Amino acid sequence: MAYFQVSASISFSAFPASNAFGLVRSLNCQALSSFKMDDFHLNSGITFKSYIVKELIGQGNYGKVYLMSKQENPNELVALKVQRQFRNPIPFETEVQVLSSLPESCHFSTMICHGTTANIYNYIIMTHCGDTLFKMLKRTDDFCFSLENTLRIGCQLFDLVRLFHSFGWLHRDLHWGNVTINTDAHGRLKMGMIDYGLCIPLNGPPIAQVISRWHTSLYVTLGHPYTEIDDFVSVVFLLMRCLDLEPFGRRVLLIEAKKAQFHSSPERLLCEKYHWIWKLYNLVESQRYTGIDINAVKTYIRSVDRNFDPSSDISYTVRKGLVVID
Ligand SMILES: Nc1ncnc2c1ncn2[C@@H]1O[C@H](COP(=O)(O)OP(=O)(O)OP(=O)(O)O)[C@@H](O)[C@H]1O
């Protein structure tokens, strides 16, 4: 237990070269490298920084994420992200900076506190932003949402990404584990986004870094500098996931070729009833050099099914205490 006592918390600002991480880097690297994330474990029920640990909700090379609740209010949830100091510190520093810059809302995680624990782990405690899109899809019977809800999610996501950009950041990693569904003060489902470690400033120097995953645009996959349009293209690809469509397949080597094929035509990749997604993609891509026109995008989304208003609330049922989107 004493092992997980929080050491004196440190403060630092992201990006400058000489920060707290710089000091840590100069420590005995040999000793630090022998610690692995597997060594870090918090049992549910224990107290960490006056929060009660509930469960592990995310784990990977990056570190671990735990769900915790406030001691005095078990319904108030927070997320604890822990990472070894010895790994590349930039995503952690970036996440601290972005979390600290965002206003409190159901759409974004915001900073509660950050520091070091057990001398070699950096941690951030941030507001919890709901369940991920992936988790929500897994709760459905057929791993997809209705067309209506997909269009509602689309409308919300275009607004959300534009809002995020207005705070001066490009996200660069909008996949279904980083887009969340949260509940607002009136009990309505609202889209959110988390994981700001790959963010870059919206108006910073162009950064061309090849990122080739299913949610990245063809342009980024080909190594072009990341722009606001690339976050919006990820939104279009996320809408495909909401309908259980995977037109680019899973084979990493083929994804680029399939995206190039999709870029020019939806034929053989999407059946006709889903051609609206390709048209939406085309509309977004046509704005690559002019800047996004959200109204035009939302007008198009509205035209896909004129029988309902996609700005209406996402519909859901509650099963065994869990929200399940229709
Ligand atoms: N603020 C939060 N609110 C709700 N869930 C969260 C939050 N932060 C993290 N999570 C959960 O933990 C998981 C991993 O967190 P996060 O995406 O930040 O880590 P990551 O390394 O940066 O992951 P990846 O590389 O897979 O994008 C998320 O998919 C989500 O389930």
Side-chain angles (χ1 to χ4, degrees), residues 1-27 32 35-37 39-42 46-73 76-130 132 164 167-169 171-173 177-178 180 182 192-201:
M1 183 55 208
Y3 182 71
F4 293 115
Q5 290 297 308
V6 179
S7 63
S9 75
I10 51 170
S11 68
F12 56 89
S13 60
F15 292 123
S18 61
N19 54 25
F21 292 103
L23 291 175
V24 170
R25 273 196 293 262
S26 67
L27 291 174
L32 289 180
F35 286 88
K36 298 190 175 65
M37 262 335 283
D39 300 331
F40 186 92
H41 182 69
L42 297 180
I46 77 152
T47 304
F48 184 92
K49 274 262 168 187
S50 82
Y51 292 90
I52 311 281
V53 175
K54 289 174 80 84
E55 59 177 308
L56 182 70
I57 52 170
Q59 179 165 16
N61 288 332
Y62 61 89
K64 290 181 176 174
V65 180
Y66 290 89
L67 182 67
M68 307 198 295
S69 62
K70 262 197 168 167
Q71 258 169 340
E72 58 280 16
N73 181 4
E76 201 173 320
L77 300 175
V78 299
L80 164 71
K81 195 166 180 174
V82 189
Q83 188 186 69
R84 281 181 63 222
Q85 286 178 332
F86 191 60
R87 90 190 271 277
N88 173 13
I90 301 295
F92 194 86
E93 295 173 21
T94 304
E95 181 137 42
V96 166
Q97 194 180 24
V98 178
L99 282 164
S100 308
S101 73
L102 296 173
E104 260 183 56
S105 82
C106 60
H107 302 296
F108 307 110
S109 278
T110 47
M111 173 66 76
I112 295 175
C113 63
H114 60 85
T116 57
T117 184
N119 292 324
I120 57 153
Y121 299 106
N122 293 317
Y123 72 85
I124 301 173
I125 300 179
M126 62 186 102
T127 55
H128 185 254
C129 200
T132 63
F164 188 72
F167 299 124
W169 300 105
H171 190 285
R172 295 205 306 161
D173 199 18
N178 286 341
T180 59
N182 207 355
M193 64 166 84
I194 56 170
D195 191 5
Y196 311 123
L198 277 186
C199 286
I200 52 172

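If you're wondering where the values come from, they're calculated on a predicted model, not measured in any experiment. Side chains included, hydrogens not; waters and symmetry mates left out as well; all remaining heavy atoms used.
- By the side-chain contact (heavy atoms from CB on, under 4.5 Å) test, E55 is found to be paired with I57, L67, residues two or more places apart in sequence or in another chain being considered.
- Inter-residue side-chain proximity for T117 and F40 is flagged as met; some heavy-atom pair is nearer than 4.5 Å.
- Looking at heavy atoms from C-beta onward, T180 lies out of side-chain contact with M193 at the 4.5 angstrom threshold.
- Shown here are the ring-ring contact (aromatic ring centres under 6.0 Å, His included) partners of Y66, two or more places apart in sequence or in another chain: there are none.
- Remark: T127 engages T110 in a side-chain hydrogen bond (donor to acceptor under 3.5 Å, both in side chains) (not counting sequence neighbours).
- Looking only at side-chain heavy atoms (C-beta outward), L42 and F48 come within less than 4.5 Å of each other.
- Below 30°, between 30° and 60°, or above 60°: for H171 and Y196 the angle between ring planes is above 60°, a perpendicular geometry.
- Listed by first and then second residue, the salt bridge (charged side-chain N to carboxylate O under 4.0 Å, His left out) pairs involving residues 95-110 are K81-E95 (not counting sequence neighbours).
- Q83 and N122 share no side-chain donor-acceptor pair at under 3.5 Å.
- Looking only at side-chain heavy atoms (C-beta outward), I52 and T47 come within less than 4.5 Å of each other.
- Among pairs with a residue in residues 113-128, none fulfils salt bridge (charged side-chain N to carboxylate O under 4.0 Å, His left out), at least two apart in sequence or across chains.
- The shortest side-chain heavy-atom distance between L77 and M68 does not fall under the 4.5 Å cut-off.
- Put simply, the side chain of R172 reaches to within 4.5 Å of the side chain of I200, judged on heavy atoms.
- Among residues two or more places apart in sequence or in another chain, the side-chain hydrogen bond (donor to acceptor under 3.5 Å, both in side chains) test is passed with Q71 by none.
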Requested in this report: Determine, stepwise, if the pair L99 / S109 fulfils side chain to side chain contact (heavy atoms under 4.5 Å, CB included).
Outcome: CA-CA 6 Å; L99 282 164; S109 278; 3.6 Å; yes

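- Taking the side chain as every heavy atom from C-beta outward, M126 and M111 never approach each other to under 4.5 Å.
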Query - Pair V98-F167, side chain to side chain contact (heavy atoms under 4.5 Å, CB included): steps then yes or no - result: CA-CA 9 Å; V98 178; F167 299 124; over 6 Å; no

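- In this structure the side chain of D195 reaches within 4.5 angstrom of the side chain of D173, judged on heavy atoms.
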